[in-house]
Student: 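Let me begin by handing over the structure; questions about it come next.
To find a chain, count down the sequence lines: A is the first, B the second, and so on, and within it residues start at 1.
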Amino acid sequence: MAVLEVRNLSVDYVADDGTPLHAVADVGFSVEQGRSLGIVGESGCGKTTVMMALLRLLPEEGRIVSGQVLFDGQDVLQYSESQMRQVRWRGISMVFQGAMNALNPVRTVESQIVEALQIHDVVEQRRAARERAGELLQLVGIPPQRGRQYPHQYSGGMRQRAVIAMALACNPRVLIADEPTTALDVMIQAQILELLERLQAELELSLIMVTHDLGMVAETCDDVLVMYGGMVAEKASSDVIFNTPQHPYTRRLLEAFPDVEEPDSDLASIPGNPPRLDDLPAGCRFEPRCECPERGAICAQTAPPLVELEPGHWAACHSVRRVG
Amino acid sequence: MNAVKQFVRNPMGVVGAGMLLVVILIALLAPWLAPYDPQVRVQVTPDDILAPPDAEHLLGRDDAGKDVLSQLIYGARVSLIVGFTASFMSMFIGTTVGLVAGFYGGRVGNWLMRLVDFLMVIPDLPLMLVIIAVTGRGLTNIILVIGLLGWTYTARLVRSQVLSVKERQFVLRARSLGASAPRIILRHIFPQVVPLVIAQAVLDISVAILAESSLAFLGLGDPTLISWGMMLNFAFERAISRQAWWFLLPPGLAIVWVSLSLILIGNTLDQIVNPRLRTHHLFDARRMVALAVGVPPLAKADGAGE
Amino acid sequence: MEMRSTPILQVDNLHKYFPIPRHVGDVLARRPRRSVRAVDGVSFTVQRGEILALVGESGSGKTTVGMNVLGLQQPTEGHILFDGYDVTEWSRGHGASLEAADRFLVPLSRRRRVMTLRERAQMIFQDPYESLNPRQTIFDIVAEPLDIHRLTPSRTERRERVRTALETCGLAPADHFWDRFPAELSGGQRQRVVIAGALVLEPELLVADEPVSMLDVSIRAEILNLLRALRRERGITILYTTHDLATAGFFTDRMAVMYLGRIVELGPTVEVLSQPRHPYTRALISVVPVPNPRRRRQRVILEGEIPNPIDIPPGCRFHPRCPEAIPACREMDPRLHPVAPGHDVACLRV
Ligand SMILES: Nc1ncnc2c1ncn2[C@@H]1O[C@H](COP(=O)(O)OP(=O)(O)OP(=O)(O)O)[C@@H](O)[C@H]1O
Ligand SMILES: Nc1ncnc2c1ncn2[C@@H]1O[C@H](COP(=O)(O)OP(=O)(O)OP(=O)(O)O)[C@@H](O)[C@H]1O
Ligand code: SF4
Ligand SMILES: [Mg+2]
Ligand SMILES: [Mg+2]
């Protein structure tokens with residue numbers, strides 16, 4: 001059974017003037033124990049929003065409009081806040097986007113991990129907490145002595161490791177990593193990926209990797225969910241997504257991604273911009289940018305449903321349905 | 001536009017602006033509002049001296065038998081003139097010095113900042129007293145002294161802002177295009193510090209008004225004009241023994257009123273323009289730290305499912 | 001014909017050291033003055049119309065090379081020849097740097113020469129969110145170089161040149177964009193504005209410092225295609241800086257791999273990518289994610305990070321992290337030597 005399953009999740013942000021902006025609509029996916037899921041999409045397509053929503057950490061202006069978030073078969077959206085606290089960090093933990101730049105600059109890294117441990121009542125005594133902090137640092141590849149240093153004495157890669165250590169404080173079963181390597185260079189990115197892969201195997205974590213970088217997903221994830229404009233465009237195993245993608249958006253995205261092994265190939269860009277939340281297209285959200293030869297009038301009128309093309313391979317596009 | 005909207009949405013700022021507007025209107029309409037002309041000599045009987053409030057003189061009379069309310073109304077003019085002109089001066093000087101010191105750095109900048117430090121450690125009021133005592137008690141002198149001594153804080157503020165703006169990429173870009181120093185300062189750096197300067201200038205107005213009042217209270221106001229400070233001075237010297245509160249309280253409260261309004265406006269502006277206080281919704285550092293170390297979420301539990 | 005053969009850019013033995021401020025304690029203890037050796041002996045040549053990639057990890061000195069090429073920093077040692085003229089000599093020995101020239105602190109004649117460089121070589125910066133003045137409109141941003149160099153006699157011509165620049169960069173119709181402020185544009189659009197601002201002067205050399213690393217993957221291709229088109233249509237020479245070999249592979253002719261302030265491998269891009277000779281290049285290539293799970297490769301992950309350029313390791317500067325190091329690597333500093341025509345490597349084992 002899936003550890004985490006999200007069904008038909010929709011999230012609105014209430015704009016300043018009170019109108020709801022449909023940032024996320026009808027998103028669903030599931031993660032099995034010990035497997036990894038990549039969530040890819042352009043900036044602003046709602047990746048972070050989905051993650052924050054399933055942890056119920058949305059900012060004040062965010063509203064979960066509908067949907068279910070099943071953790072071990074229980075809908076956590078029905079939980080009370082105190083029950084939720086048991087799920088957060090212990091069940092599902094998250095490495096927040098940009099968190100590595102948000103460590104408290106005037107406190108040592110170790111003391112920040114100790115604080116996290118104590119807040120979650122993992123360990124009572126300070127001594128034990130410090131021991132555990134040392135273990136966690138070791139786990140992510142930081143020499144425990146360096147825990148006594150301040151975040152500014154760390155390089156970007158080490159800060160990211162420290163943040164991952166914090167997320168692991170309560171032995172979660174699901175780890176969400178939101179853009180864990182943006183802003184880091186390729187070598188450090190590879191180090192972090194290696195770390196996440198190792199942790200996933202050692203701790204039998206289920207990993208959700210949120211990123212706009214297709215390459216990272218191809219390297220690490222078993223399954224892939226491609227999001228566009230707050231909706232699911234396509235989801236399948238990564239082998240299918242990268243070799244036989246069906247949704248025009250996925251295909252364009254892949255064509256736009258440079259490949260070192262084929263340096264001569266042309267890069268096709270996707271003209272236009274992702275839809276604005278206050279001006280969403282009536283039909284398929286990708287329609288204004290879509291150049292698929294099979295697209296028809298229906299694309300601009302009704303939103304395509306997500307259909308299963310073959311077992312485990314879903315896509316939301318009118319043309320694929322007609323073809324398939 | 002956006003800033004205006006934000007300002008309007010902030011109750012403190014709106015209250016402050018309202019309070020200031022009242023004073024400005026009073027100052028402008030003084031000749032029509034004031035029941036008497038405080039400059040005109042009046043015939044007095046002993047009973048009129050420090051007479052308590054009555055129907056004809058709503059705030060009573062002073063030691064010369066003149067109407068306190070009218071003096072209070074005309075006093076607003078002096079306070080506002082001094083406040084606005086002196087703070088404009090210090091804003092101008094402070095901004096220039098801050099821009100130059102921040103942009104050029106090096107020897108020029110060091111010398112300028114040393115001058116600033118020097119002026120900052122000298123207590124202002126005694127220095128002003130000395131200067132006014134020497135140069136005479138005209139309104140212009142008072143404004144000049146307050147303006148010329150009050151720019152140091154602005155200079156510091158601007159300099160530190162310039163130091164950080166100077167390192168930003170768009171300044172580097174301007175340099176790589178060959179933009180000259182004056183151009184970089186005026187086109188690229190100055191616009192980034194303007195909001196901060198304005199917020200500071202508003203706060204400076206209240207400082208200047210207080211300084212003028214202090215000078216006048218200590219007997220160094222312009223003798224030809226009535227100001228709130230001078231009223232306080234007279235009240236202290238001559239009225240306190242007779243417990244004529246109606247002469248003492250109104251100017252004091254007026255000063256508090258104006259300063260308070262300016263501080264409310266200034267703080268609101270500061271909140272709006274100060275970049276440190278605002279961040280992207282997802283990159284709010286405080287929120288992120290709270291989440292990262294696991295403090296219970298700041299966001300309320302979402303309504304879903306309830 | 002004679003003129004054509006002069007390379008547009010020759011960088012000869014460039015060094016750039018940043019002195020570290022000494023504390024009182026250091027002075028008392030007579031500790032030697034130390035410095036950050038950001039660039040430590042770099043030489044390369046760029047022909048007209050060529051695109052050269054400068055790749056390396058963060059901190060390898062790529063940006064510093066770019067800044068020195070454009071005279072935004074004063075080299076500690078070495079020469080930079082732009083179209084045959086020694087840019088560094090313009091200021092060397094007069095106690096005034098090009099930076100000083102920017103600030104009117106040098107005589108006018110020298111400033112004029114600096115201005116020629118400023119007109120003919122342009123830089124595109126990494127962060128499109130930072131490199132545009134938030135309080136200028138798009139029009140003012142793009143027109144500013146024209147004003148600085150007093151190139152446009154009439155207002156209409158000015159408008160036309162701004163329009164052409166914006167439309168070349170894909171911001172069409174220009175009128176639709178030029179009254180807006182940077183905050184109203186997306187990241188990709190901003191980077192286009194930056195490029196348009198560089199193009200109005202019709203420069204011969206563009207230094208593009210990680211122009212796409214802050215952009216979404218789907219937008220990267222647009223910007224790279226644009227740069228490639230500029231070279232094709234206008235013959236603009238581009239020095240392209242990045243840590244991402246995949247984008248560099250896509251549109252550059254030659255590639256220089258930098259490590260800790262030195263070039264360790266230099267050659268035709270396709271050759272460097274398909275037959276990398278230096279262990280560092282091999283490692284860098286192996287960690288670039290390939291967008292296909294069927295082609296997952298063995299990653300050569302280098303331990304730790306690039307060392308601090310204050311204490312550069314003796315011998316081969318790469319040896320502490322090198323997976324193929326031999327004992328000699330600890331003592332001998334390898335020179336860049338040819339291994340194939342036009343392909344140089346600095347490694348003792350090649
Ligand atoms: N607090 C908020 N109020 C209003 N709109 C918001 C808020 N937070 C996010 N949004 C909007 O919701 C959409 C989805 O944002 P989200 O941050 O989830 O995207 P993302 O896919 O994580 O993007 P990125 O790759 O940039 O992190 C965006 O259009 C964003 O502008
Ligand atoms: N002004 C400076 N003062 C001191 N050290 C500097 C300065 N500029 C750069 N450095 C140092 O020089 C080294 C090379 O920096 P540079 O910015 O050129 O690297 P880079 O290859 O562009 O890296 P990145 O990918 O992070 O941009 C770094 O170690 C950096 O810390
Ligand atoms: S010289 Fe030695 S240490 Fe340096 S790269 Fe070659 S093998 Fe590695
Ligand atoms: Mg996000
Ligand atoms: Mg750089």
Student: Given that the side chain runs from C-beta out, which part of Gln136(C) has a heavy atom under 4.5 Å from chain B: side chain, backbone, both or neither?
Tutor: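 Interface part for Gln136(C): side chain.
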Student: So, Gln74(C) and Asn68(C): side-chain donor and acceptor under 3.5 Å apart, yes or no?
Tutor: no
Student: Is any side-chain heavy atom of Ile124(C) closer than 4.5 Å to a side-chain heavy atom of Ile195(C)?
Tutor: yes
Student: Counting only heavy atoms closer than 4.5 Å, note whether Gln122(C) contacts chain B via side chain, backbone, both or neither.
Tutor: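 Just the side chain, heavy atoms under 4.5 Å.
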Student: Identify the two heavy atoms, one from Ile209(B) and one from Gly83(B), that lie closest to each other, and give their separation to 0.1 Å.
Tutor: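 Answer, listing the atom of Ile209(B) first, then Gly83(B): CG1-CA, 3.8 Å.
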Student: Heavy-atom distances under 4.5 Å only: say whether Arg168(B) touches chain C with side chain, backbone, both or neither.
Tutor: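 Contact with chain C: backbone and side chain both.
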Student: Looking just at side-chain N and O atoms, do Thr154(B) and Asp204(B) make a donor-acceptor pair shorter than 3.5 Å?
Tutor: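 Yes, a side-chain donor-acceptor pair sits under 3.5 Å.
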